[in-house]
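Being a predicted model, the structure only gives us computed values, none of them experimental. Start at 1 and go down the list; that is how both ligands and their atoms are numbered.
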Amino acid sequence: MSGAAMGNVNRVDGPAKVTGKAKYASDFRGDGLLYGRIVDAPIARGRILSIETEAALACPGVVYIFTHDDQPSLAWLERNYRDQVGPDGSPFRPLHDDVIRFSGQVVALVLADSLEAARHGAGLVRLRCEQEAHATDLEEQRPESFEEPDSRSGMGKPPEPRGDVGIALVEAPASIQERYSTSPQHHNPMEPFATTAIWERDGSLTVYDKTQAVMNDKKYLTQVFGFGKDELQVLSPFVGGAFGSGLRPHHVAFLAVLAARELKRNVRVVLERKQMFALGFRPPSIHDLQLGATAAGHLTAVAHDALGATSRFENYVEQIVNWSGGTYDCPNVRLGYRIAALDVNTPCDMRAPGAASGVFALESAVDELAWKLGMDPLEFRILNHAAKDPNEEKPYSSKQLLECYRQGAERFEWHRRGHDCGSMRDGSILIGWGVATGVWDAMQVPSSAKAVLGANGKLTVSAATSDIGTGTYTMMAVIAARTLGLSVDDVVPQLGDSRLPMAPLEGGSFTAASVGTAVQKACLKIRKRLIRLAKDLDGSLLAGVDEKEIILENGRIAIKGDASRSHGITEVLQRTGTKEISRKTLAIPSLLKQRKVSIKTHSAVFAEVKVDEDLGTLHVTRVVCAVAAGQILNLKTARSQIMGGVVWGISMALHEESVMDHAHGRFINHDLAGYHIPVNADVGSIEVIFVEEKDSVVNPLGVKGVGEIGIVGTAAAVANAVFHATGKRVRSLPITLDKLL
Ligand code: MOS
């Protein structure tokens, strides 16, 4: 398989989605369904003195109200539990005690026969609180309260320093020292979090939950409520976007299961949009960068200190500064990362966690240094390209970043760029061009998968992973079809069900590499069996032929280059009386090979902005994103992933910001009117280039993943273009009009 994509088909779940047949978590129904409405805390820190529920309970239709006072059978909450991806600390326990830890925290769940009654009842619940002083402003935190990340997994821990940054900076003929910052952001998927819990007569539960991780969800709920192994199933066949917000189980699922179990009823709980702003979020970050270079433009020093935010009850960490030591070849590097605890909910992963913000800071600083040297910022990056991973001191499994720069620049026509700020204009419109590098990890984690080929030639492939809109269903179908020479239409992919074979959550851009490899492996086993059956047929045309000479194509088992000698797959199954061939496999990364190399995806992002000189209005008119991510499985969905990431990068640069009212410790723009996301008019042309990159080490498919790389570097490319247009360097995102005037 060359650099060309393995497939280029429409999303296989597309028709179900556009015809409304696809069912999301809140679309499932059950007899006598109860509707849950959450009452949340209005203060950021304090204690609940009392919750008055009489008026609400007197409302027609209101059935029950859960509060921390009413937890007769919640003794299990004392158990220490943790979900698969929870950071160090003590996970939030809904309705556990009278402590208010963040604004918007759930304090009661009202259940009623109708959504309207539940909403009305929730409005009548009276809460008396004792308020304590809270801290929500990262800028105001005192350094003595900062903590080093101390994670079990080593996540977020920067690599050891190398060389001597202090001396290198003093000696560097050119250097910069600047502070950059990014704003908090909320994921805001189209579909809010929702859970429908169906109570079965035998006391077991079927839970339809919006999640990126049915297995993680199942494990958490099973542990927390003490269910037996098969007493609780989690299903999540369709997810309306998640971007990391669905990696950890939410209180919505907890509350729905609690109510269903206690009341022995079917229960649905849905969050309002504003309640989505009380979930985990991309934390704000502050970055101090110092870079030094020789007069010829060779980087000699990189110092990057980042400050992130976490909650008071968990230490959320990201890989935020590591990129600054690994992206360019530089002998003297010192990286530091600390977190400060605020009175907020625990932040959580959001598309390219850490890299989206850390690489913004690095790539802005790199641009500033290139300007200081009077160099073309692309040339500066090419000059400092790292042929080996400087952090890990290992060769790359593959790295076509230079080709990304070359092909991206060619498509963008970078050579036409005027060197000076404001040198490209169209009347009163200033035009600016910027570039940035993107980098992300390419990971593979263990996954199993099952493939079942029926006598009718239809193939089912399944794994307990998710498709959060990224195209996992399609990717599974393309791999299976390609491996067995079937049409994509003959493959039925199944996922989003905890009863399916063990598979990872959908995240980290590792699903294609992990689940895809397992699907391929299961299909290869079926292939082997099919060839055996075909060769053993009475009067087989393939008898005695070496397996290496056999191909599966167009539903037939044939000899390479000799179409006349073949048997149809269904013919083979039927003539041998085979009802089905079923194979289950576990695919684990080959760590022996992988340990010796550094495995990353790379990109080069080019952006054009147009700024109205008089009004300060700013548009991103053009982005070219050239990506090296190994084998591309399905061109159409992969391209959509990169475009989505680029749109978000533009959005991070110009629009998105969760605004905290520090007086109340609450995010105040908690709806899609106040929280700006780009619409079509905000996004100009986006061109995606997949650079050919062969990699036989990452996994048998050569796949690195494309879910996150699209956002990395994009915000910096836009900010760098803004500088080129206007001569104004905006170092805190988002770049709003007031910062340009
Ligand atoms: Mo992604 S932030 O790993 O869902």
Side-chain angles (χ1 to χ4, degrees), residues 83-87 151 153 155-156 182 184-191 193 209-217 236 238-250 276 279-283 285 308 310 316-320 322-323 345-360 438-445 447 464-472 475 495-496 503-516 599-601 629 637-638 640-642 644-649 651-652 656 703-715:
D83 67 89
Q84 239 176 44
V85 283
S151 164
S153 59
M155 250 291 278
T182 65
Q185 296 180 353
H186 282 82
H187 306 72
N188 277 304
M190 211 186 294
E191 179 200 20
F193 280 89
D209 190 28
K210 173 189 168 125
T211 176
Q212 291 174 244
V214 282
M215 297 200 68
N216 188 27
D217 230 32
S236 188
F238 292 97
V239 177
F243 315 110
S245 63
L247 293 168
R248 300 187 68 184
H250 285 297
M276 298 284 286
L279 301 177
F281 57 103
R282 194 197 292 286
S285 61
T310 188
Y316 174 75
V317 294
E318 307 177 294
Q319 304 259 23
I320 194 162
N322 304 34
W323 320 102
N345 198 352
T346 307
C348 74
D349 287 348
M350 182 189 281
R351 206 171 201 167
S357 29
V359 173
F360 159 71
V439 57
W440 184 247
D441 286 319
M443 295 171 272
Q444 186 194 349
V445 296
S447 176
T465 188
S466 300
D467 187 337
I468 58 175
T470 44
T472 311
M475 170 280 285
L495 49 74
L505 50 84
E506 172 144 295
S509 296
F510 55 55
T511 309
S514 311
V515 179
I599 304 178
K600 303 266 189 275
T601 50
T637 42
S640 294
Q641 278 302 292
I642 300 301
V646 168
V647 169
W648 204 340
S651 184
M652 178 178 175
E656 279 183 62
V703 166
K704 287 185 175 175
V706 291
E708 284 159 301
I709 185 70
I711 190 176
V712 188
T714 302

Per-atom filter on ligand 1: closer than 4.0 angstrom to a heavy atom of F243 are 2 (S), 4 (O)

What atoms of ligand 1 come closer than 4.0 angstrom to any heavy atom of G507?
1 (Mo), 3 (O), 4 (O)

Please determine whether side-chain contact (heavy atoms from CB on, under 4.5 Å) holds for the pair V515 and F510, giving the CA-CA distance in whole Å, both sets of side-chain angles, and the decisive distance to 0.1 Å.
CA-CA 8 Å; V515 179; F510 55 55; over 6 Å; no

For G244, the atoms of ligand 1 under 4.0 Å from one of its heavy atoms are 2 (S), 4 (O)

Geometric N/O contact I468 with ligand 1, under 3.5 angstrom
no

Protein heavy atom at shortest distance from atom 1 (Mo) of ligand 1
E708 OE2, 3.5 Å

Taking the side chain from S285 and the backbone from G308, do they hold a donor-acceptor pair closer than 3.5 Å?
no

Could you check atom 2 (S) of ligand 1 against the protein and tell me its nearest heavy-atom contact, residue, atom and distance included?
R351 N, 3.3 Å

Sub-3.5 Å N/O-N/O distance, G508 and ligand 1:
yes

Can you classify the ring geometry of F243 versus W648 as parallel (below 30°), tilted (30 to 60°) or perpendicular (above 60°)?
perpendicular

With a cut-off of 4.0 Å, which atoms of ligand 1 are near a heavy atom of D349?
2 (S)

With heavy-atom distances below 4.0 Å as the criterion, list the atoms of ligand 1 near M350.
2 (S)

Is R282 reaching over with its side chain to a backbone N or O of R351, donor-acceptor style, under 3.5 angstrom?
yes

Q212 to ligand 1: N or O pair under 3.5 Å?
yes

Are H186 and S245 packed together at the side-chain level, in the sense that at least one heavy-atom pair is separated by less than 4.5 angstrom?
no

Counting N and O atoms only, with roles assigned by atom type, does the side chain of D467 sit under 3.5 Å from a partner on the main chain of T470, one being a donor and the other an acceptor?
yes

I'd like to know if the side chain of H250 reaches the main chain of T211, judged simply by a donor and an acceptor atom lying under 3.5 Å from each other, with no hydrogens or angles considered.
no

